[in-house]
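Just so it is clear, the structure is predicted and the values come from calculations on it, not from any experiment. Below, read A as the first sequence line, B as the second, and so on, with proteins coming before strands; counting in each chain starts at 1.
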Protein chains: 2
Amino acid sequence: MTDSSLLAEERSSLSMPETPTLAHVARLAGVSENTVSRVIRDKGPIATETRRRVNDAIAQLGYVPNRAAGSLASSSSLIIGVILPSLSNIVFPEVLQGINAGLAGTPYRPMIGVTDYDLESEQHLISSLLAWQPAAIITTGFAHTDTARRMLEGSRVRIAELMDIDDRPIDLAVGLSHRQAGRAMARHLVNRGYSKIAYAGHDWASDRRAYARYQGLREGLGEAGLPLVAECRTEQASSTLEGRETLARLLAENTGIDAVAFSNDDMAVGGFMHCLAANISVPEDLALIGFNGLEIGQVLPKPLTTVLSNRFAIGKTAVEILLEDTKRPPDARIIDTGFSIIEGATA
Amino acid sequence: MTDSSLLAEERSSLSMPETPTLAHVARLAGVSENTVSRVIRDKGPIATETRRRVNDAIAQLGYVPNRAAGSLASSSSLIIGVILPSLSNIVFPEVLQGINAGLAGTPYRPMIGVTDYDLESEQHLISSLLAWQPAAIITTGFAHTDTARRMLEGSRVRIAELMDIDDRPIDLAVGLSHRQAGRAMARHLVNRGYSKIAYAGHDWASDRRAYARYQGLREGLGEAGLPLVAECRTEQASSTLEGRETLARLLAENTGIDAVAFSNDDMAVGGFMHCLAANISVPEDLALIGFNGLEIGQVLPKPLTTVLSNRFAIGKTAVEILLEDTKRPPDARIIDTGFSIIEGATA
DNA sequence: CTGTTAGCGCATTCAC
DNA sequence: GTGAATGCGCTAACAG
């Protein structure tokens, strides 16, 4: 403290730009460090006059709290750990946008990790994020390694599991029922009079929610007494390119299909491109339905019929609930952000 | 230290799951904390046997270093601050993917912030990220508020300014020359025999690089003795929807155009959709060229002619260079990741 | 309403 | 090659 006690003077005489600490602010404001800390964190009663003096000192020095010190002392940080399966699929950046929106105006910052749909990788990220003693960890789905689950449950950190709600969360789940979404897709096609319905999808091993929608689709068709007449899947992750190729393959190998349900909008948009290139009239020759409600689907010459999943809302809602209470509540909570059919022109 | 000294015993008898610290590892390994710290950070000479004992203890206890404590003690953290203008435009998640790839296998984690193309907002984020004493801050472009620039220059933190290379960086710039990219677009159209060239763009105020490409385009046309015959811009951010509408407006207000250069691929794909809907043959009636080389452009019935910007490489390269040396080098460095024309079928 | 006293868990001097 | 001491800047009990 011997040299730092000189900071205020030095600073006002514009010499050394040493970074100011609580102690400097306290000296300048003529109060104890503790009081400054209270003002900053808005904790406990503070005299209006004291608060003003402290805030003036903070402004004058351009003081910025050292987050590492704060985290160490309080054994909890203003970090929100965010674990996403991928960044290639625009859906997850949109979730992140929601998270970011929910964090706006708060001192919390997201620290991110990407698993590439790998649970081992998720486990490493969880461990590495817990090392920061974050206020919360936001991850995707209910599938975790045993170790990962133990780490999440064992920590006092708040946990949100996003996208899905068809299982029991550790703390908080925010998302929608993919099984119900799949059934809704089936019902929509059936109601429109299609009966030769096929499926074009992508890799299920990594994307469990896509599989849940597929199951829902089959259930929905079953309830209407209809079979799934054909299906074709790529081993790859979803993309417009894969969608285009998968539909081409599906149609090459089967005839008499009147509608195709896609695993998501990327695949469906790709499918639409195949139809354009192959001169197939949509929906007269072939109806298409996707899932997600991405912008690109709505800009096609015929807007894509699809199911809106509220990615932004999922991220934002999760953060809002997590920040309501830093302590994990006694029982887990599930928020259904729902879905809705977008009645486009392709089905 | 009174209670924690019991941890090792407690843990092995499976009672309290208190989180282990360096001290616990040290006791179990029968060495000093210092030595454990050295092993973990791989600093200074360590006897092979000692290293083994320490690593065993770490594994046995499931020790995970407290990052806040480490940051406080070393006054620098394993955080990389990442400031992006937006997440809606897939380009920036792709940069983030590159950053993430460059960080893979290191203990560094990205902490992110989104400016929405607002410099004031960038300034706040810089200040808020500096509070974590990050190893580096990665941001976009050369435009910053004076205060922001002062903060960046004043900190000992490494700084990368991404996407652009047409100005003097603070520490490191990684990207491409947007002016040259614009000129290349012009040259390509001219070489293909188009002479009635128009421009369809989006908001320049927020996206300075789009403006640089526009200027390059005009320069390139000028060098060929050609004028820009028409232009139309939306005040909105770029999107496929805006692209579709902007091209519609451009064509409604002008006749005789034979090629349109778009501000980016989102806009160009939207433009292509307009052509499909309006029955305009591409490229016979109208040629289209974009910028970025997004996947969606290559899945159109006719692959989009565009300019590939290496977003992933930009992020990855920046991280790799930043991690080479934690200290800012005496003079700034510029890495040109280049661009290349994708010869599609639309121009 | 405010000040005092102790650490938080590590990295960084130094010794040896 | 290893250990002992010191403090990073802040928050969390306590008093008063």
Participant: What's the CZ-C1' distance between B:R67 and C:dC10, to the nearest Å?
Facilitator: 11 Å
Participant: What residues, two or more places apart in sequence or in another chain, satisfy side-chain contact (heavy atoms from CB on, under 4.5 Å) together with A:A332?
Facilitator: A:P169
Participant: Base, sugar-phosphate, or nothing for B:L22, non-hydrogen atoms under 4.0 angstrom?
Facilitator: sugar-phosphate
Participant: Classify the nucleic acid contact of B:T50 as base, sugar-phosphate or nothing, counting any heavy atom under 4.0 Å across all strands shown.
Facilitator: sugar-phosphate
Participant: Tell me whether B:S77 contacts the main-chain N or O of B:W132 through its side chain, where contact means a donor paired with an acceptor under 3.5 Å.
Facilitator: yes
Participant: I'd like to check the side-chain contact (heavy atoms from CB on, under 4.5 Å) partners of A:A101; sequence neighbours left out, ordered by chain and number.
Facilitator: A:F312, A:K316
Participant: If you go through the side-chain atoms of A:N34, does one of them form a donor-acceptor pair with the base of D:dT11 closer than 3.5 Å?
Facilitator: no
Participant: Provide, to the nearest angstrom, the distance between the CD1 atom belonging to B:I40 and the P atom belonging to C:dA11.
Facilitator: 7 Å
Participant: Not counting sequence neighbours, which residues clear side-chain contact (heavy atoms from CB on, under 4.5 Å) with B:S86? List them please.
Facilitator: B:S88, B:N89, B:F92, B:Y117
Participant: What is the distance from CD1 of B:I46 to C1' of D:dT2, rounded to the nearest Å?
Facilitator: 8 Å
Participant: Using the side-chain heavy atoms of B:R41, tell me which of these nucleotides is nearest: C:dA11, C:dC1, D:dC10.
Facilitator: C:dA11
Participant: Is any side-chain N or O of B:S32 closer than 4.0 Å to OP1 or OP2 of D:dG3?
Facilitator: yes
Participant: Check whether the side chain of B:R51 and the base of D:dG1 form a donor-acceptor pair under 3.5 Å.
Facilitator: no
Participant: Please determine whether a side-chain nitrogen or oxygen atom of A:S74 lies at a distance below 4.0 Å from atom OP1 or OP2 of C:dC8.
Facilitator: no
Participant: With salt bridge (charged side-chain N to carboxylate O under 4.0 Å, His left out) as the criterion, how do B:D42 and B:R51 come out once you've worked through the C-alpha distance, each side chain's angles and the decisive distance to 0.1 Å?
Facilitator: CA-CA 10 Å; B:D42 201 19; B:R51 184 191 309 278; 3.7 Å; yes
Participant: Would you check if there is a donor-acceptor pair between the side chains of A:R41 and A:S37 at a distance under 3.5 Å?
Facilitator: yes
Participant: So, does B:R38 get its side chain near the phosphate of C:dA11, meaning an N or O under 4.0 Å from OP1 or OP2?
Facilitator: no
Participant: For DNA chain D, what residues of residues 128-136 of chain B have any heavy atom nearer than 4.0 Å?
Facilitator: none
Participant: Is there a donor-acceptor pair closer than 3.5 Å between any side-chain N or O of A:R149 and the backbone N or O of A:F142?
Facilitator: yes
Participant: Please state how far atom OH in A:Y63 lies from atom C1' in D:dG9, giving the value in whole angstrom units.
Facilitator: 7 Å
Participant: So, does A:T35 get its side chain near the phosphate of C:dG3, meaning an N or O under 4.0 Å from OP1 or OP2?
Facilitator: yes
Participant: For a side chain to side chain contact (heavy atoms under 4.5 Å, CB included) with B:I83, tell me which candidate from B:I138, B:I126, B:T140 qualifies.
Facilitator: B:I126
Participant: Give the rounded distance in Å between these two atoms: CD of A:E33 and C1' of C:dT2.
Facilitator: 14 Å
Participant: Pick the nucleotide of DNA chain D nearest each of B:G44 and A:L72; which residue has the one closer to the 5' end?
Facilitator: B:G44
Participant: Of B:A73 and A:S71, whose nearest nucleotide on DNA chain D comes first from the 5' end?
Facilitator: B:A73
Participant: Of all the base pairs, Watson-Crick or G-U under 3.5 Å, which form stems of three or more consecutive pairs involving DNA chain C?
Facilitator: C:1-4 with D:13-16, C:6-16 with D:1-11
Participant: What does A:S75 touch in the nucleic acid at a heavy-atom separation under 4.0 angstrom: a base, only the sugar-phosphate, or nothing?
Facilitator: nothing
Participant: Rounded to whole angstrom units, what separation is found between the CG atom of A:N66 and the C1' atom of D:dG7?
Facilitator: 13 Å
Participant: Going by distance alone, is a donor N or O of one side chain under 3.5 Å from an acceptor N or O of the other, for A:E122 and A:T139?
Facilitator: yes
Participant: Which residues pass the side-chain contact (heavy atoms from CB on, under 4.5 Å) test with B:S32, sequence neighbours left out?
Facilitator: B:N34, B:T35
Participant: Nearest whole angstrom, please: distance from the C1' of C:dC1 to the CZ of A:R53.
Facilitator: 13 Å
Participant: Tell me the interatomic distance from B:R27, atom CZ, to D:dG3, atom P, rounded to whole angstroms.
Facilitator: 14 Å
